[in-house]
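Below is one structure, written out as structure tokens; the observations come after it.
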Amino acid sequence: MAELEKVNGDLMALNGREFFAEFFDPTDKLGADKPNPKSHVAYGFATHVVILGENGKVSEVYAAHDSGKVVNPTSIQGQIEGGVLMGLGYALTEDFPLDNCVPKAKYGTLGLMRATDIPNIHAIYVEKDKLLPFAYGAKGIGEIATIPTAPAAAGAYYAWDKIFRTKLPMDDTPYRPKKKA
């Protein structure tokens, strides 16, 4: 009980006061002539592994991310799942044809991935013992959740049938059958 009174007293002492702090961790200009230029405060890292089922469709995706300290697990889970789905759509189903920068497709024909095609996504959070000394150790997630998925899918299909696909969306998969010549 005495501890609670002390906490309440400490909080009351802060009532009506203003606090200000500013964080500055300088970065180097692009092209800086130094051995290890610092262009960002923190870098996130990620790797994805795509698993194909017997039918050649994506059955699972393992998405490992070093985003520093995970402050909000629900948010990072959603960000990774959404990024993986965007990457799979980009790799396997979505096509947005343009002619002189003018769209030549209607929304319903863009090839958006269907809910029934969503694989099991395993988000793996990599947290190190030594965290960044700012932002509670968080680095963020953002776009990096999308980037490794298409190459991981291409690698999975190459391992499956030894066809090296160099165009997205990839043809000759269960999502986009081989085009007739």
Side-chain angles (χ1 to χ4, degrees), residues 30 39-128 131-132 135-181:
L30 291 176
S39 61
H40 287 82
V41 172
Y43 294 94
F45 296 92
T47 189
H48 292 183
V49 175
V50 170
I51 308 293
L52 303 179
E54 289 182 24
N55 61 357
K57 287 196 168 191
V58 177
S59 61
E60 296 183 81
V61 178
Y62 290 85
H65 287 262
D66 171 10
S67 299
K69 175 69 178 161
V70 176
V71 177
N72 186 335
T74 303
S75 181
I76 193 172
Q77 179 79 24
Q79 193 76 24
I80 291 172
E81 289 174 356
V84 167
L85 289 175
M86 286 177 68
L88 287 175
Y90 181 58
L92 301 171
T93 62
E94 297 174 16
D95 195 7
F96 192 56
L98 301 171
D99 182 16
N100 257 353
C101 298
V102 177
K104 293 298 178 186
K106 294 182 179 178
Y107 181 77
T109 65
L110 294 178
L112 300 177
M113 188 167 260
R114 299 185 184 283
T116 55
D117 289 328
I118 296 173
N120 291 324
I121 301 169
H122 307 276
I124 301 165
Y125 317 132
V126 179
E127 291 186 61
K128 298 178 180 168
L131 298 174
L132 297 172
Y136 302 101
K139 294 182 186 178
I141 183 76
E143 291 83 359
I144 198 169
T146 302
I147 295 167
T149 311
Y157 278 105
Y158 182 77
W160 186 55
D161 61 11
K162 302 297 184 240
I163 297 172
F164 188 61
R165 294 164 176 87
T166 58
K167 173 184 148 311
L168 298 178
M170 293 183 277
D171 289 328
D172 201 15
T173 70
Y175 302 93
R176 293 176 57 89
K178 190 172 193 164
K179 289 187 176 182
K180 296 177 184 173

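All values derive from a computational prediction rather than experimental measurement.
Annotation: side-chain hydrogen bond (donor to acceptor under 3.5 Å, both in side chains) contacts involving residues 73-84, sequence neighbours excluded, comprise Gln77-Glu81, Gln77-Tyr125.
Within 6.0 Å of CD in Glu127 there are more than 12 heavy atoms belonging to other residues, nucleotides or ligands. Within a 6.0 Å radius of CG in Leu98, other residues, nucleotides and ligands contribute more than 12 heavy atoms. Within 6.0 Å of atom OH in Tyr175, more than 12 heavy atoms from other residues, nucleotides or ligands are found, so the atom counts as buried in its surroundings.
Judged by distance alone, with hydrogens and angles left aside, the side-chain atoms of Ser67 form no donor-acceptor pair with the main-chain N or O of Gly44 at under 3.5 Å.
Counting all heavy atoms, side chain and backbone alike, Val84 lies closest to Ala63 at CG2-CB, 4.1 Å. Contact detail for Gly68 and Leu131: the closest heavy-atom pair is C-CD2, 4.4 Å. Annotation for Trp160 and Gly56: closest pair CZ2-CA, 3.5 Å, computed over non-hydrogen atoms. Scanning both residues, Ala156 and Val50, for their nearest heavy atoms gives CB-O, 3.4 Å. Closest heavy-atom contact between Gly87 and Thr146: N-CG2, 3.8 Å.
In this structure, the separation between CG on Asn72 and CD1 on Ile141 is 12.0 Å, given to the nearest 0.5 Å. Atom NZ of Lys57 is separated from atom CG of Leu92 by 10.0 Å, given to the nearest 0.5 angstrom. In this structure, the separation between CD1 on Ile163 and CG on Asp172 is 4.5 Å, given to the nearest 0.5 Å. To the nearest 0.5 angstrom, Arg176 atom CZ is 12.0 Å from Arg165 atom CZ. Rounding to the nearest 0.5 angstrom, the gap separating the CG atom in Leu85 from the OG1 atom in Thr93 is 10.0 Å. Here the NZ-CG distance, from Lys128 to Asp66, works out to 4.5 Å after rounding to the nearest 0.5 Å.
Using a 4.5 Å heavy-atom threshold, the side chains of Pro148 and Thr47 count as separate. Side-chain contact check for Asn55 versus Pro174: every heavy-atom pair is 4.5 Å or farther apart. You'll find the side chain of Leu52 reaches within 4.5 Å of the side chain of Tyr157, heavy atoms only. In this structure, Leu88 and Pro119 have side chains that are in contact, with non-hydrogen atoms separated by less than 4.5 Å.
A perpendicular orientation is assigned to the rings of Tyr158 and Phe164, their planes being inclined by more than 60° (bins at 30° and 60°).
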Apply side-chain contact (heavy atoms from CB on, under 4.5 Å) to Glu94 and Leu110, showing your working.
-> CA-CA 6 Å; Glu94 297 174 16; Leu110 294 178; 5.7 Å; no
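For His65, the side chain to side chain donor-acceptor pair (under 3.5 Å) partners are His48, not counting sequence neighbours.
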